[in-house]
Amino acid sequence: MQKAISKYWPVFVLPTLIAFIIGFIWPFLWGIFLSFQRFTTVSKTTFVGIQNYISVFQDSTFLHAFGFTAVFTVVSTVLINVCAFAIAIVLTRGIKGTNIFRTVYFMPNLIGGILLGYIWQILLNGVLANLQKPLLALDAKAGFVGLVILMCWQQIGYMMIIYVAGLQSVPGDLIEAAKIDGASDHEILFKIKLPMVMPSITICTFLTLTNSFKLFDQNVALTAGEPANASEMLALNIYNTFYGRSGAQWKGIGQAKAVVFFLIVVVISLVQLHFTRSKEVQQ
């Protein structure tokens with residue numbers, strides 16, 4: 001079997017590798033090239049150096065979108081992970097109907113982002129109208145809260161499943177020994193369970209950070225960046241720059257924004273992974 005794998009591995013690897021190069025690597029490299037160009041079509045480009053990147057940081061809409069996205073990411077990441085972990089703790093206590101609860105909590109993650117956005121737009125606008133408050137498209141604060149609610153509702157169940165798996169992997173003998181030594185439930189949670197599920201925390205924090213920072217379809221459907229781009233997140237800002245502004249310079253600026261966006265996500269993800277992995281313990 002090992003000889004067969006060694007002999008025929010290119011047959012299985014090459015199709016996937018070719019598809020990956022065509023679908024990801026080449027467009028990514030071409031996008032970096034275009035970020036240094038002024039163009040209306042990719043076949044007619046003019047090199048402008050770093051001017052596009054200078055324009056990115058001179059664009060007030062991009063800076064506002066970055067701030068809005070950063071605050072949203074911090075709030076949603078904390079809420080999603082705290083709520084998901086709390087639910088996982090409850091659902092690993094052996095209560096009746098645990099599997100039903102897990103399924104119900106996980107189901108929102110199966111719904112597409114655009115559909116979720118429109119559903120929650122109707123629900124939240126209905127609530128705001130009954131409270132005689134401005135609708136989502138007229139109040140950036142309401143739009144922010146709506147995006148956080150939507151993101152939490154969609155992601156908590158998925159993260160909860162990961163936390164449940166992590167909690168179930170904690171050795172029962174370790175918990176029994178702690179109880180025999182007189183440890184309280186609070187001490188068991190923070191001194192045994194929490195350190196032991198750090199790998200799950202690493203995964204969930206990474207997923208929520210990147211998903212929140214890259215949020216696009218829910219932002220389009222729920223607020224579309226209104227009012228006056230006040231609730232516009234980075235991905236939507238890049239889209240609006242590239243497709244929504246007329247003029248040859250905006251294509252290159254939009255592409256430069258995409259490269260900056262990529263670098264921001266990579267740096268934040270690497271910092272988070274380094275920090276959380278340093279807290280992991282070996283079982």
Side-chain angles (χ1 to χ4, degrees), residues 60-91 95-161 163-164 204-205 207-241 243-244:
S60 60
T61 64
F62 180 81
L63 298 177
H64 178 272
F66 174 77
F68 185 90
T69 304
V71 174
F72 169 81
T73 299
V74 171
V75 173
S76 61
T77 298
V78 172
L79 287 176
I80 289 171
N81 284 280
V82 170
C83 293
F85 187 78
I87 295 172
I89 288 289
V90 173
L91 294 182
I95 62 175
K96 293 183 179 180
T98 295
N99 291 333
I100 296 175
F101 283 117
R102 292 178 187 176
T103 303
V104 171
Y105 283 130
F106 182 77
M107 285 177 63
N109 190 70
L110 304 176
I111 306 175
I114 289 288
L115 182 59
L116 270 181
Y118 285 122
I119 291 173
W120 277 98
Q121 182 193 65
I122 295 170
L123 292 173
L124 294 173
N125 279 338
V127 171
L128 292 171
N130 288 328
L131 295 176
Q132 297 182 343
K133 300 288 185 180
L135 301 182
L136 294 173
L138 301 174
D139 187 351
K141 291 182 179 179
F144 178 85
V145 173
L147 285 168
V148 171
I149 292 173
L150 188 159
M151 191 68 175
C152 289
W153 192 77
Q154 183 182 27
Q155 295 289 320
I156 284 175
Y158 183 74
M159 304 308 157
M160 176 267 299
I161 294 296
Y163 283 128
V164 166
C204 290
T205 306
L207 290 174
T208 48
L209 268 175
T210 54
N211 289 341
S212 297
F213 226 92
K214 298 185 299 180
L215 196 70
F216 174 73
D217 43 2
Q218 292 93 328
N219 190 200
V220 172
L222 191 69
T223 67
E226 298 296 335
N229 299 325
S231 64
E232 183 181 66
M233 300 182 70
L234 276 176
L236 181 57
N237 179 264
I238 294 169
Y239 176 86
N240 288 335
T241 301
Y243 293 104

(Q) Just so I know, are the side chains of Y163 and N81 near enough to count as touching, which here means a heavy-atom distance under 4.5 Å? (A) yes

Q.
I need the N211 CG to Q155 CD distance, nearest 0.5 Å.
A. 5.0 Å

**Q.** Interatomic spacing from CD1 in I161 to CD1 in I87 - rounded to 0.5 Å
**A.** 10.5 Å

Q) If you take all heavy atoms of A140 and P227, which pair is closest and at what distance? A) N-CD, 3.6 Å

Q | Approximate separation, where rounding is to 0.5 Å, of L128 CG and L135 CG | A | 6.5 Å

Q) Closest heavy-atom contact between L136 and Q121? A) CD1-CA, 4.1 Å

Q: Compare every heavy atom of L236 with every heavy atom of V220, then report the nearest pair and how far apart it is.
A: CG2-CD1, 3.6 Å

(Q) Quick check: closest heavy atoms across N237 and E232, and the distance to 0.1 Å? (A) ND2-OE1, 2.8 Å

Q | Test ring pair (Phe, Tyr, Trp, His ring centres under 6.0 Å) applied to F62 - qualifying residues, sequence neighbours left out | A | none

Q | Over all atoms of both residues, closest heavy-atom pair of Q218 and L147 | A | O-CD2, 4.1 Å

**Q.** Beyond-backbone contact of W120 with L123, side-chain heavy atoms, under 4.5 angstrom
**A.** yes

Q.
Contact between M233 and F216 at the side-chain level, heavy atoms closer than 4.5 Å - yes or no?
A. no

Q.
Within the supplied structure, the quantity of interest is the number of heavy atoms (other residues, nucleotides, ligands) at a distance under 6.0 Å from I100 CD1; does it exceed 12?
A. no

Q: Return the minimal non-hydrogen interatomic distance between S231 and T223, and the atom names on each side.
A: OG-OG1, 3.0 Å

Q: Any chance you could measure L110, atom CG, to Q154, atom CD, to the nearest 0.5 Å?
A: 9.5 Å

**Q.** Gap between atom OG1 of T61 and atom CG of L234 - 0.5 Å precision
**A.** 10.0 Å

Q. Mind checking whether N229 and H64 have side chains closer than 4.5 Å, heavy atoms only?
A. no

Q.
Using the side-chain contact (heavy atoms from CB on, under 4.5 Å) criterion, which residues pair with L209? Sequence neighbours excluded.
A. T73, T77, T205, I268, Q272

(Q) Is it true that, when you exclude F72 itself, more than 12 heavy atoms of the residues, nucleotides or ligands shown sit nearer than 6.0 Å to its CZ? (A) yes

(Q) If I take atom CD1 from residue I156 and atom CG from residue N109, how far apart are they, to the nearest 0.5 angstrom? (A) 11.5 Å

Q. Run the side chain to side chain contact (heavy atoms under 4.5 Å, CB included) check on T208 and M159 step by step: do they pass?
A. CA-CA 8 Å; T208 48; M159 304 308 157; 3.7 Å; yes

